> 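Here's a structure for you.
Since we're looking at a predicted model, the values are computed, not measured.
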Amino acid sequence: MTSLRIPVPSASLPSPPPPPSLHRLRLRLSVFSSSSRTPLLLAMASSSPPQLPELRQGIADFYDQSSGLWEQIWGDHMHHGFYDSDADDVSLSLSNHRSAQIRMIEESLRFASLLDPESKRPKQIVDVGCGIGGSSRYLAGKFGAQCRGITLSPVQAQRANALAESQGLSNQVSFQVADALQQPFPDGEFDLIWSMESGEHMPDKPKFVKELARVAAPGATIIIVTWCHRDLSPSEDSLNPWENELLQKICDAYFLPSWCSAADYVCLLRSLSLQDIKVADWSPNVAPFWPAVLRSALTWKGLTSLLFSGIKAIKGALAVPLMIEGYKKGLIKFTIITCRKPEQAPDA
(Lines give C-alpha, C1' and ligand atoms only; values in the text may rest on other atoms or scores of the structure.)
Protein backbone atom coordinates (compact mmCIF):
# COMPACT_ATOMS: atom_id res chain seq x y z
CA MET A 1 0.00 0.00 0.00
CA THR A 2 2.27 0.14 0.83
CA SER A 3 -0.04 -0.38 2.09
CA LEU A 4 0.97 1.49 -0.46
CA ARG A 5 -1.44 -1.26 -2.45
CA ILE A 6 -2.28 -2.22 -1.48
CA PRO A 7 -4.56 -3.47 -1.90
CA VAL A 8 -7.85 -2.61 7.00
CA PRO A 9 -11.14 -2.28 6.79
CA SER A 10 -13.36 0.44 7.01
CA ALA A 11 -16.88 0.05 6.26
CA SER A 12 -16.42 2.72 3.84
CA LEU A 13 -13.09 2.41 2.33
CA PRO A 14 -11.95 0.14 -0.36
CA SER A 15 -8.82 -1.80 -0.15
CA PRO A 16 -6.92 -0.01 -2.79
CA PRO A 17 -4.18 2.43 -2.58
CA PRO A 18 -3.76 6.11 -2.22
CA PRO A 19 -0.95 8.67 -2.52
CA PRO A 20 -1.10 12.44 -2.75
CA SER A 21 -2.05 13.71 -6.02
CA LEU A 22 -0.45 17.03 -6.82
CA HIS A 23 1.85 15.75 -9.45
CA ARG A 24 1.60 14.30 -12.83
CA LEU A 25 3.56 11.34 -14.04
CA ARG A 26 3.45 11.33 -17.83
CA LEU A 27 4.32 8.01 -19.37
CA ARG A 28 4.23 8.87 -23.03
CA LEU A 29 3.77 5.77 -24.92
CA SER A 30 0.62 5.52 -26.92
CA VAL A 31 2.29 5.23 -30.28
CA PHE A 32 1.48 2.13 -32.29
CA SER A 33 3.35 0.58 -35.12
CA SER A 34 1.04 0.32 -38.12
CA SER A 35 1.98 -3.28 -38.71
CA SER A 36 1.88 -4.91 -35.29
CA ARG A 37 -0.30 -2.45 -33.39
CA THR A 38 2.12 -2.96 -30.52
CA PRO A 39 2.58 0.02 -28.21
CA LEU A 40 6.07 1.48 -28.48
CA LEU A 41 7.56 3.38 -25.61
CA LEU A 42 8.97 6.56 -27.03
CA ALA A 43 9.79 8.42 -23.88
CA MET A 44 9.18 8.48 -20.20
CA ALA A 45 9.32 11.58 -18.17
CA SER A 46 7.71 12.91 -15.12
CA SER A 47 6.72 16.50 -15.11
CA SER A 48 7.39 18.31 -11.87
CA PRO A 49 8.31 15.52 -9.44
CA PRO A 50 5.88 15.01 -6.59
CA GLN A 51 6.69 16.05 -3.05
CA LEU A 52 7.63 12.55 -1.97
CA PRO A 53 7.71 13.12 1.80
CA GLU A 54 4.22 14.62 1.63
CA LEU A 55 3.05 11.77 -0.57
CA ARG A 56 4.43 9.08 1.71
CA GLN A 57 2.93 10.71 4.77
CA GLY A 58 -0.45 11.04 3.09
CA ILE A 59 -0.48 7.34 2.22
CA ALA A 60 0.66 6.32 5.68
CA ASP A 61 -1.94 8.52 7.40
CA PHE A 62 -4.71 7.27 5.13
CA TYR A 63 -4.04 3.65 5.98
CA ASP A 64 -3.31 4.37 9.62
CA GLN A 65 -6.82 5.78 9.84
CA SER A 66 -8.72 3.31 7.70
CA SER A 67 -7.10 -0.07 8.31
CA GLY A 68 -8.83 -0.91 11.56
CA LEU A 69 -12.22 -0.02 10.13
CA TRP A 70 -11.62 -2.11 7.05
CA GLU A 71 -10.58 -5.11 9.08
CA GLN A 72 -13.67 -4.92 11.29
CA ILE A 73 -16.00 -5.31 8.33
CA TRP A 74 -14.01 -6.84 5.48
CA GLY A 75 -11.37 -8.87 7.25
CA ASP A 76 -7.63 -8.86 6.65
CA HIS A 77 -7.57 -8.73 2.84
CA MET A 78 -7.39 -5.14 1.61
CA HIS A 79 -8.17 -5.72 -2.03
CA HIS A 80 -10.96 -6.39 -4.51
CA GLY A 81 -12.75 -9.69 -4.70
CA PHE A 82 -12.88 -11.79 -7.88
CA TYR A 83 -16.42 -12.72 -8.95
CA ASP A 84 -18.12 -14.47 -11.82
CA SER A 85 -18.80 -11.87 -14.47
CA ASP A 86 -22.57 -12.31 -14.08
CA ALA A 87 -22.57 -12.11 -10.27
CA ASP A 88 -25.38 -10.09 -8.67
CA ASP A 89 -23.73 -7.85 -6.09
CA VAL A 90 -26.97 -7.20 -4.21
CA SER A 91 -27.53 -10.87 -3.39
CA LEU A 92 -23.99 -11.54 -2.17
CA SER A 93 -23.36 -11.82 1.55
CA LEU A 94 -20.32 -10.49 3.39
CA SER A 95 -18.92 -14.03 3.54
CA ASN A 96 -19.33 -14.23 -0.25
CA HIS A 97 -17.28 -11.07 -0.63
CA ARG A 98 -14.56 -12.32 1.70
CA SER A 99 -14.41 -15.58 -0.26
CA ALA A 100 -14.10 -13.52 -3.44
CA GLN A 101 -11.06 -11.79 -1.97
CA ILE A 102 -9.39 -15.17 -1.44
CA ARG A 103 -10.41 -16.11 -4.94
CA MET A 104 -8.63 -12.99 -6.22
CA ILE A 105 -5.37 -14.37 -4.83
CA GLU A 106 -5.98 -17.80 -6.34
CA GLU A 107 -6.96 -16.43 -9.75
CA SER A 108 -3.87 -14.22 -9.78
CA LEU A 109 -1.65 -17.23 -9.07
CA ARG A 110 -3.46 -19.21 -11.76
CA PHE A 111 -3.03 -16.42 -14.31
CA ALA A 112 0.70 -16.39 -13.55
CA SER A 113 0.81 -20.19 -14.08
CA LEU A 114 1.94 -20.77 -10.50
CA LEU A 115 -0.81 -23.32 -9.89
CA ASP A 116 0.26 -25.55 -12.76
CA PRO A 117 1.39 -28.98 -11.50
CA GLU A 118 4.79 -28.56 -13.14
CA SER A 119 5.37 -25.04 -11.85
CA LYS A 120 8.05 -24.39 -9.25
CA ARG A 121 6.61 -23.42 -5.87
CA PRO A 122 7.89 -20.07 -4.62
CA LYS A 123 9.91 -20.20 -1.43
CA GLN A 124 10.86 -16.55 -0.92
CA ILE A 125 8.08 -13.99 -1.44
CA VAL A 126 7.91 -10.21 -1.08
CA ASP A 127 4.53 -8.54 -0.66
CA VAL A 128 4.90 -4.97 -1.90
CA GLY A 129 2.18 -2.89 -0.28
CA CYS A 130 1.20 -5.60 2.17
CA GLY A 131 -1.67 -3.94 4.05
CA ILE A 132 -2.21 -5.90 7.25
CA GLY A 133 -0.60 -8.95 5.71
CA GLY A 134 -3.56 -10.95 4.43
CA SER A 135 -1.92 -11.98 1.15
CA SER A 136 1.42 -12.68 2.83
CA ARG A 137 -0.04 -15.06 5.38
CA TYR A 138 -2.16 -16.78 2.76
CA LEU A 139 0.78 -17.27 0.37
CA ALA A 140 3.10 -18.38 3.15
CA GLY A 141 0.60 -21.00 4.23
CA LYS A 142 -0.20 -22.14 0.71
CA PHE A 143 3.39 -22.59 -0.44
CA GLY A 144 5.18 -23.14 2.86
CA ALA A 145 7.21 -20.07 1.91
CA GLN A 146 8.97 -17.26 3.71
CA CYS A 147 7.31 -13.90 3.06
CA ARG A 148 8.38 -10.33 3.75
CA GLY A 149 5.85 -7.52 3.55
CA ILE A 150 6.41 -3.79 3.28
CA THR A 151 4.01 -0.88 3.82
CA LEU A 152 4.25 2.84 4.48
CA SER A 153 1.80 2.54 7.37
CA PRO A 154 3.25 1.84 10.84
CA VAL A 155 -0.24 0.85 12.01
CA GLN A 156 -0.49 -1.76 9.26
CA ALA A 157 2.97 -3.18 9.89
CA GLN A 158 2.29 -3.53 13.61
CA ARG A 159 -1.10 -5.15 13.04
CA ALA A 160 0.27 -7.50 10.36
CA ASN A 161 3.01 -8.75 12.68
CA ALA A 162 0.50 -9.19 15.52
CA LEU A 163 -1.80 -11.24 13.29
CA ALA A 164 1.11 -13.36 12.09
CA GLU A 165 2.10 -14.11 15.68
CA SER A 166 -1.48 -14.93 16.70
CA GLN A 167 -1.74 -17.38 13.78
CA GLY A 168 1.58 -19.06 14.52
CA LEU A 169 3.22 -17.68 11.39
CA SER A 170 5.78 -15.29 12.86
CA ASN A 171 8.56 -17.67 11.84
CA GLN A 172 7.42 -17.46 8.20
CA VAL A 173 6.21 -13.92 7.65
CA SER A 174 7.36 -10.51 8.83
CA PHE A 175 6.36 -6.95 8.06
CA GLN A 176 8.11 -3.61 8.17
CA VAL A 177 7.67 0.01 7.21
CA ALA A 178 9.52 0.62 3.96
CA ASP A 179 9.20 2.43 0.64
CA ALA A 180 8.42 0.28 -2.40
CA LEU A 181 10.58 2.59 -4.50
CA GLN A 182 13.58 1.86 -2.26
CA GLN A 183 13.07 -1.66 -1.01
CA PRO A 184 15.35 -2.70 1.87
CA PHE A 185 16.26 -6.00 0.24
CA PRO A 186 19.31 -7.18 -1.71
CA ASP A 187 19.22 -7.89 -5.43
CA GLY A 188 17.68 -11.19 -6.51
CA GLU A 189 16.20 -12.01 -3.10
CA PHE A 190 12.74 -13.35 -4.02
CA ASP A 191 11.24 -15.87 -6.43
CA LEU A 192 7.74 -14.36 -6.23
CA ILE A 193 7.16 -10.61 -6.33
CA TRP A 194 3.59 -9.86 -5.25
CA SER A 195 2.03 -6.42 -5.69
CA MET A 196 -1.71 -6.55 -5.00
CA GLU A 197 -3.25 -3.11 -5.57
CA SER A 198 -0.24 -1.05 -4.61
CA GLY A 199 1.04 0.11 -8.00
CA GLU A 200 -1.55 2.87 -8.16
CA HIS A 201 0.18 4.47 -5.19
CA MET A 202 3.53 4.76 -6.93
CA PRO A 203 4.53 8.28 -8.03
CA ASP A 204 7.37 6.94 -10.18
CA LYS A 205 6.15 3.94 -12.16
CA PRO A 206 9.48 3.27 -13.94
CA LYS A 207 11.31 3.18 -10.61
CA PHE A 208 8.58 1.00 -9.10
CA VAL A 209 8.92 -1.60 -11.84
CA LYS A 210 12.72 -1.47 -11.70
CA GLU A 211 12.62 -2.18 -7.98
CA LEU A 212 10.31 -5.16 -8.53
CA ALA A 213 12.74 -6.51 -11.10
CA ARG A 214 15.79 -5.76 -8.97
CA VAL A 215 14.68 -7.83 -5.98
CA ALA A 216 13.47 -10.66 -8.23
CA ALA A 217 15.73 -13.69 -8.48
CA PRO A 218 16.54 -15.09 -11.95
CA GLY A 219 13.45 -16.96 -13.12
CA ALA A 220 11.22 -15.26 -10.54
CA THR A 221 7.58 -14.45 -11.23
CA ILE A 222 6.30 -10.88 -10.87
CA ILE A 223 2.57 -10.31 -10.30
CA ILE A 224 1.16 -6.79 -10.46
CA VAL A 225 -2.56 -6.30 -9.83
CA THR A 226 -3.41 -2.64 -10.06
CA TRP A 227 -5.80 0.11 -11.08
CA CYS A 228 -5.13 1.54 -14.53
CA HIS A 229 -6.89 3.95 -16.81
CA ARG A 230 -8.01 2.69 -20.19
CA ASP A 231 -5.45 2.29 -22.97
CA LEU A 232 -5.30 5.17 -25.41
CA SER A 233 -6.24 4.54 -29.01
CA PRO A 234 -3.65 5.13 -31.76
CA SER A 235 -5.27 8.49 -32.54
CA GLU A 236 -5.23 9.75 -28.94
CA ASP A 237 -2.49 11.68 -27.18
CA SER A 238 -4.28 11.83 -23.83
CA LEU A 239 -7.47 11.01 -22.02
CA ASN A 240 -10.55 13.18 -22.49
CA PRO A 241 -10.90 16.21 -20.19
CA TRP A 242 -13.81 14.67 -18.30
CA GLU A 243 -11.78 11.52 -17.74
CA ASN A 244 -8.85 13.44 -16.34
CA GLU A 245 -11.22 15.40 -14.12
CA LEU A 246 -12.78 12.24 -12.69
CA LEU A 247 -9.41 10.61 -12.05
CA GLN A 248 -8.14 13.75 -10.36
CA LYS A 249 -11.06 13.70 -7.93
CA ILE A 250 -10.20 10.09 -7.07
CA CYS A 251 -6.54 11.02 -6.67
CA ASP A 252 -7.46 13.82 -4.29
CA ALA A 253 -9.53 11.45 -2.14
CA TYR A 254 -7.09 8.51 -2.06
CA PHE A 255 -3.72 10.28 -2.15
CA LEU A 256 -2.92 8.85 -5.58
CA PRO A 257 -0.36 10.16 -8.04
CA SER A 258 -1.16 10.15 -11.73
CA TRP A 259 -2.59 7.02 -13.29
CA CYS A 260 -1.16 5.08 -16.20
CA SER A 261 -2.49 2.42 -18.57
CA ALA A 262 -1.81 -1.30 -18.85
CA ALA A 263 0.05 -0.51 -22.09
CA ASP A 264 2.37 1.77 -20.13
CA TYR A 265 3.22 -1.05 -17.77
CA VAL A 266 3.87 -3.46 -20.61
CA CYS A 267 6.32 -1.05 -22.19
CA LEU A 268 8.11 -0.61 -18.89
CA LEU A 269 8.42 -4.35 -18.42
CA ARG A 270 9.70 -4.81 -21.96
CA SER A 271 12.27 -2.09 -21.42
CA LEU A 272 13.72 -4.24 -18.61
CA SER A 273 13.80 -7.36 -20.82
CA LEU A 274 11.31 -9.18 -18.64
CA GLN A 275 9.74 -12.21 -20.28
CA ASP A 276 6.38 -13.98 -20.66
CA ILE A 277 4.43 -10.75 -20.15
CA LYS A 278 0.69 -11.34 -19.82
CA VAL A 279 -2.06 -8.79 -19.28
CA ALA A 280 -5.77 -9.04 -18.62
CA ASP A 281 -8.60 -6.65 -17.78
CA TRP A 282 -10.53 -8.10 -14.87
CA SER A 283 -12.90 -5.16 -14.50
CA PRO A 284 -16.03 -7.30 -15.13
CA ASN A 285 -14.86 -9.70 -12.43
CA VAL A 286 -14.58 -7.03 -9.74
CA ALA A 287 -17.80 -5.16 -10.57
CA PRO A 288 -19.70 -6.19 -7.41
CA PHE A 289 -16.96 -5.01 -5.07
CA TRP A 290 -17.30 -1.23 -4.91
CA PRO A 291 -21.11 -1.23 -4.64
CA ALA A 292 -20.71 -3.64 -1.72
CA VAL A 293 -18.15 -1.35 -0.09
CA LEU A 294 -20.56 1.56 -0.48
CA ARG A 295 -23.43 -0.39 1.09
CA SER A 296 -21.22 -1.43 4.01
CA ALA A 297 -20.36 2.22 4.60
CA LEU A 298 -24.03 3.12 4.81
CA THR A 299 -24.81 0.66 7.59
CA TRP A 300 -25.12 1.90 11.15
CA LYS A 301 -21.84 0.21 12.07
CA GLY A 302 -20.12 1.64 9.02
CA LEU A 303 -21.35 5.17 9.55
CA THR A 304 -20.60 5.32 13.27
CA SER A 305 -17.16 3.78 12.81
CA LEU A 306 -16.39 6.13 9.96
CA LEU A 307 -17.18 9.21 12.02
CA PHE A 308 -14.38 8.32 14.42
CA SER A 309 -11.87 7.26 11.77
CA GLY A 310 -10.51 10.63 10.65
CA ILE A 311 -11.01 13.04 7.79
CA LYS A 312 -8.88 11.12 5.30
CA ALA A 313 -10.92 7.96 5.73
CA ILE A 314 -14.14 9.95 5.40
CA LYS A 315 -12.94 11.54 2.15
CA GLY A 316 -12.09 8.08 0.84
CA ALA A 317 -15.56 6.83 1.65
CA LEU A 318 -17.16 9.73 -0.17
CA ALA A 319 -15.10 8.90 -3.28
CA VAL A 320 -16.49 5.36 -3.62
CA PRO A 321 -19.23 6.50 -6.06
CA LEU A 322 -16.48 8.04 -8.23
CA MET A 323 -14.78 4.65 -8.49
CA ILE A 324 -18.07 3.04 -9.45
CA GLU A 325 -18.60 5.69 -12.12
CA GLY A 326 -15.08 5.19 -13.49
CA TYR A 327 -15.61 1.45 -13.86
CA LYS A 328 -19.06 1.81 -15.43
CA LYS A 329 -17.79 4.30 -18.02
CA GLY A 330 -14.84 2.10 -18.99
CA LEU A 331 -12.27 4.59 -17.76
CA ILE A 332 -10.90 2.56 -14.83
CA LYS A 333 -9.50 -0.85 -15.60
CA PHE A 334 -8.74 -3.45 -12.96
CA THR A 335 -5.62 -4.94 -14.47
CA ILE A 336 -3.42 -7.95 -13.81
CA ILE A 337 0.04 -8.07 -15.32
CA THR A 338 2.45 -10.94 -14.85
CA CYS A 339 5.92 -11.60 -16.16
CA ARG A 340 9.10 -13.49 -15.42
CA LYS A 341 12.67 -12.40 -14.88
CA PRO A 342 15.06 -14.15 -17.30
CA GLU A 343 17.15 -16.98 -15.88
CA GLN A 344 20.16 -15.16 -17.30
CA ALA A 345 20.79 -11.50 -17.98
CA PRO A 346 20.05 -10.60 -21.63
CA ASP A 347 23.72 -9.84 -22.33
CA ALA A 348 24.97 -12.97 -20.57
> Where do S233 and S235 land on the side chain to side chain donor-acceptor pair (under 3.5 Å) test, with the steps shown first?
CA-CA 5 Å; S233 71; S235 62; 3.2 Å; yes
> Can you list everything that forms a side chain to side chain contact (heavy atoms under 4.5 Å, CB included) with D281? Sequence neighbours excluded, please.
S283, P284, K333
> If you group Ile, Leu, Val, Met, Phe, Trp and Tyr by side-chain heavy-atom gaps below 4.5 Å, do I311 and Y63 land in one group?
no
> Please assess V286 against F82 for the test side chain to side chain contact (heavy atoms under 4.5 Å, CB included), listing each intermediate value before the final yes or no.
CA-CA 5 Å; V286 301; F82 187 100; 5.5 Å; no
> Any chance you could lay out the side chain to side chain contact (heavy atoms under 4.5 Å, CB included) test for D276 and C339, step after step, and finish with the verdict?
CA-CA 5 Å; D276 302 332; C339 61; 5.8 Å; no
> Q176: what forms a side chain to side chain donor-acceptor pair (under 3.5 Å) with it, not counting sequence neighbours?
R148
> Among side-chain atoms of S95 and S93, is any donor-acceptor pair under 3.5 angstrom?
yes
> What pairs meet the salt bridge (Lys or Arg N to Asp or Glu O under 4.0 Å) rule with one or both residues in residues 153-175, with sequence neighbours excluded?
E71-R159
> Got a list of side-chain donor-acceptor pairs under 3.5 Å for residues 319-330, not counting sequence neighbours?
from, atom 1, to, atom 2, distance (Å)
E325, OE2, K329, NZ, 2.8
Y327, OH, H80, NE2, 3.3

> Is the closest side-chain heavy-atom distance between N96 and Y83 below 4.5 Å?
no
> Evaluate D76 against R137 for side chain to side chain contact (heavy atoms under 4.5 Å, CB included), listing each step before the verdict.
CA-CA 10 Å; D76 59 355; R137 291 188 295 277; 2.8 Å; yes
> Is it true that a side-chain atom of E189 and a backbone atom of P186 form a donor plus acceptor pair closer than 3.5 Å?
no
> Determine the minimum heavy-atom distance between P122 and I125, stating which atoms define it.
CB-CG1, 4.2 Å
> Does Y138 share a hydrophobic cluster with F289, counting links as ILVMFWY side-chain heavy atoms below 4.5 Å and allowing steps through other members?
yes
> Considering all heavy atoms of both residues, which atom of A262 and which atom of T335 are nearest to each other, and what is their separation?
CB-CG2, 3.8 Å
> Does the side chain of I222 come within less than 4.5 Å of I337's, by heavy atoms?
no
> Does D187 have any salt bridge (charged side-chain N to carboxylate O under 4.0 Å, His left out) partners at least two apart in sequence or in another chain, and if so, which?
R214
> For E106, check salt bridge (charged side-chain N to carboxylate O under 4.0 Å, His left out) against everything at least two apart and list the hits.
K142
> Is F208 reachable from L269 through a run of hydrophobic residues whose side-chain heavy atoms are each under 4.5 Å from the next?
yes
> Can you name the closest pair of heavy atoms from T221 and I223 and give their distance?
CG2-CG1, 4.0 Å
> Quick one: are L109 and W194 in side-chain contact, heavy atoms under 4.5 Å?
yes
> Under the ring pair (Phe, Tyr, Trp, His ring centres under 6.0 Å) rule, collect the residues that match up with F175, sequence neighbours excluded.
none
> So, using side chain to side chain contact (heavy atoms under 4.5 Å, CB included) as the criterion, who are the partners of D86 when residues are at least two apart?
D84
> Establish, from distance only, whether the side-chain atoms of D61 and Q65 form a donor-acceptor pair under 3.5 Å.
no
> Is there a path of hydrophobic side-chain contacts, each under 4.5 Å between heavy atoms, that joins I132 and L169?
no
> The criterion is side chain to side chain contact (heavy atoms under 4.5 Å, CB included); which residues satisfy it with Q275, sequence neighbours excluded?
R340, P342
> Quick one: are S195 and T226 in side-chain contact, heavy atoms under 4.5 Å?
no
> For K207, which residues count as a salt bridge (charged side-chain N to carboxylate O under 4.0 Å, His left out) partner, sequence neighbours excluded?
none
> Atom NZ of K123 and atom CZ of F143: how far apart are they, to the nearest 0.5 Å?
9.0 Å
> First locate atom CD1 of I102, then atom CZ of R98, and finally report the distance between them rounded to the nearest 0.5 Å.
10.5 Å
> Provide the closest heavy-atom pair for F185 versus V126 in the form atom of the first, atom of the second, distance.
CE1-CG2, 3.6 Å
> Taking the side chain from Q101 and the backbone from H79, do they hold a donor-acceptor pair closer than 3.5 Å?
yes
> Just so I know, are the side chains of I150 and V128 near enough to count as touching, which here means a heavy-atom distance under 4.5 Å?
yes
> Strictly distance-based, threshold 3.5 Å: is any side-chain N or O of S261 a donor or acceptor partner for the main-chain N or O of D231?
no
> Taking all atoms of both residues into account, what is the closest heavy-atom pair of V215 and Q183, and its distance?
CG2-OE1, 3.7 Å
> Do F62 and K315 have side chains that approach each other closer than 4.5 Å (heavy atoms only, starting at C-beta)?
no
> Mind checking what makes salt bridge (charged side-chain N to carboxylate O under 4.0 Å, His left out) contact with E118, not counting sequence neighbours?
none
> Roughly how far apart are L331 CG and L239 CG, rounded to 0.5 Å?
6.5 Å
> Decide yes or no on side chain to side chain contact (heavy atoms under 4.5 Å, CB included) for Q57 and E54, but give the supporting numbers first.
CA-CA 5 Å; Q57 192 61 52; E54 178 187 348; 5.9 Å; no
> Counting only N and O atoms by type, is there a donor-acceptor contact under 3.5 Å from the side chain of D191 to the main-chain atoms of Q124?
yes
> Evaluate the side-chain proximity of H229 to I332: yes if any heavy-atom separation is below 4.5 Å, no if none is.
no
> Rounded to the nearest 0.5 Å, what separation is found between the CH2 atom of W259 and the CZ atom of R230?
13.0 Å
> Does R56 reach the side chain of D179, with side-chain heavy atoms less than 4.5 Å apart?
yes
> Looking at S66 and A313, would you say the former's side chain and the latter's main chain have a donor-acceptor pair under 3.5 Å?
no
> Hey, could you give me the OG1/CD distance between T151 and Q158, rounded to the nearest 0.5 Å?
12.0 Å
> Measuring from atom OG of S153 to atom CD1 of I59, what distance do you get when rounded to the nearest 0.5 angstrom?
10.5 Å
> Taking side chain to side chain contact (heavy atoms under 4.5 Å, CB included) as the test, write out the residues that go with K278, two or more places apart.
F111, S113, T338
> Examine V177 and V155 and state if one hydrophobic cluster contains both, with Ile, Leu, Val, Met, Phe, Trp and Tyr joined whenever side-chain heavy atoms are less than 4.5 Å apart.
no
> Write down the atom of M104, the atom of G81, and the distance for their closest heavy-atom approach.
CE-O, 3.6 Å
